[in-house]
Amino acid sequence: MVFKHRKDLLGLAELNRAEIESIINTAVPMKDILTRDIKKVPALRGKVVCTVFYENSTRTRTSFELAGKYLSADTVNLAVSTSSVQKGESLKDTIKTIEVMGTDVMVMRHSMSGAPHYVARNTKMRVINAGDGFHAHPTQGLLDMYSIREKKGTLDGLKVVILGDIQHSRVARSNIAGLSKFGCEVRVVGPSTLMPADIENMGAKRFYNIEEALDGADVINVLRLQLERQKKGLFPSVPEYAENFGLNRKRLSLAKKDVLVLHPGPMNRGVEVASDVADSAFSVINEQVTNGVAIRMALLYLMIGGASE
């Protein structure tokens with residue numbers, strides 16, 4: 001089983017190909033549950049899942065809560081903005097309080113890279129990283145890979161373009177870490193000011209010309225322009241970014257005829273991606289959200305439900 005020797009899921013760099021395939025394979029029957037009239041199975045009855053988000057989230061937090069509920073776990077969300085954190089409570093004391101209440105899995109998002117790793121070292125609970133700083137977002141990487149395999153039938157040897165704000169993207173880093181284990185050619189493209197200096201060391205090919213990067217692409221994963229994380233002056237203006245790096249129909253035509261378009265959300269329509277591309281038959285953006293619930297169901301099941309079967 002995938003987590004037989006692992007307590008936590010902190011990043012995809014730590015997982016091997018077989019472990020990633022195990023998670024994706026487990027997500028397939030989990031997705032079937034979402035199509036039923038009664039979306040409920042008793043796999044995690046009596047287990048407790050706590051989501052702790054120090055940053056705002058819609059898709060990830062909600063999908064983890066629904067994943068737990070669909071598997072009959074008790075799910076609770078710690079509202080950090082109204083918790084004892086605002087009174088000065090340390091992270092270590094917060095996690096210890098959650099642990100002694102009987103929590104089995106803690107799902108954590110934090111603005112500081114490495115925060116979930118610190119938590120994992122200081123608790124007996126299983127810890128799932130739901131995004132830490134610029135570092136990693138493993139479940140987003142997994143759902144992206146699931147979405148690609150579902151449509152393409154394989155992950156092996158694909159040309160995958162990651163387009164946009166690479167510097168501030170934990171999604172990009174997790175996708176590179178995961179896809180590289182399947183022999184994919186991962187191309188990253190965006191403004192030079194939004195490109196990490198060590199991106200080649202992560203296993204990706206750097207491009208600055210969007211047309212060159214998109215040539216012959218099987219998959220295009222468009223990233224959100226993360227203005228809230230950026231220093232000012234990294235690019236002249238949002239309209240100029242859209243003109244130079246936005247994915248429109250003309251640029252989409254450079255990719256393969258059966259190209260897939262992904263986006264982790266939320267989208268800035270007309271900036272990173274044109275509406276007629278986001279809503280086209282090439283887009284699997286809405287399916288990614290559904291697949292995110294399935295992947296998180298699979299993880300919870302493997303970590304606290306089915307790992308010993």
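Basis for what follows: all heavy atoms, side chains included, without hydrogens, waters or symmetry-related copies.
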Could you check whether any side-chain heavy atom of V259 comes within less than 4.5 Å of a side-chain heavy atom of V219, counting everything from C-beta outward? no

Those residues that, when tested against F245, pass ring pair (Phe, Tyr, Trp, His ring centres under 6.0 Å) (two or more places apart): Y241

Using a 4.5 Å cut-off on heavy atoms from C-beta on, say whether the side chain of L262 contacts that of I148. yes

Does NZ or CZ of R109 lie under 6.0 Å from the centre of the six-membered ring of F53, at an angle within 45° of the ring axis? no

Residues two or more places apart in sequence or in another chain: which of them pass ring pair (Phe, Tyr, Trp, His ring centres under 6.0 Å) with F182? none

In this structure, are over 12 heavy atoms from other groups packed under 6.0 Å from D32 atom CG? yes

Show your reasoning for whether side chain to side chain donor-acceptor pair (under 3.5 Å) applies to K31 and N291. CA-CA 7 Å; K31 187 174 181 179; N291 293 341; 2.7 Å; yes

For T97 and D93, indicate whether the former's side chain and the latter's backbone hold a donor-acceptor pair under 3.5 Å. yes

With a 4.0 Å cut-off, would you call E19 and R17 a salt bridge? no

Testing the 3.5 Å rule here: is there a donor-acceptor pair between the side chains of H110 and E55? no

More than 12 heavy atoms of other residues, nucleotides or ligands under 6.0 Å from NZ of K205: yes or no? no

K96 and K92, any side-chain heavy atoms less than 4.5 Å apart: no

For N248 and K250, indicate whether the former's side chain and the latter's backbone hold a donor-acceptor pair under 3.5 Å. yes

Dump the intermediate steps for side chain to side chain donor-acceptor pair (under 3.5 Å) on S63 and R296, then the final yes or no. CA-CA 7 Å; S63 65; R296 285 150 187 151; 2.7 Å; yes

Taking D258 first and then K151, would you say they form a salt bridge - that is, a charged N and a carboxylate O separated by under 4.0 Å? no

Which of L10, L91, V52 passes side chain to side chain contact (heavy atoms under 4.5 Å, CB included) with V119? It is L91

Verify the distance criterion only: is there a donor paired with an acceptor across the side chains of T51 and N77 at less than 3.5 Å? yes

Report, as yes or no, whether the 6.0 Å neighbourhood of atom CG on N286 holds more than 12 heavy atoms from other residues, nucleotides or ligands. no

Please report, to 0.1 Å, the donor-acceptor pairs under 3.5 Å made by any side chain of residues 68-75, with sequence neighbours excluded.
| residue | atom | partner | partner atom | Å |
| --- | --- | --- | --- | --- |
| K69 | NZ | T75 | OG1 | 3.2 |
| S72 | OG | V41 | O | 2.6 |

Would the distance check show the side chain of D8 and the main-chain N or O of V127 forming a donor-acceptor pair, the cut-off being under 3.5 Å? yes

Note, L214 side chain near L247 side chain (heavy atom, < 4.5 Å): yes

Would you say the side chains of S275 and R269 form a donor-acceptor pair under 3.5 Å? yes

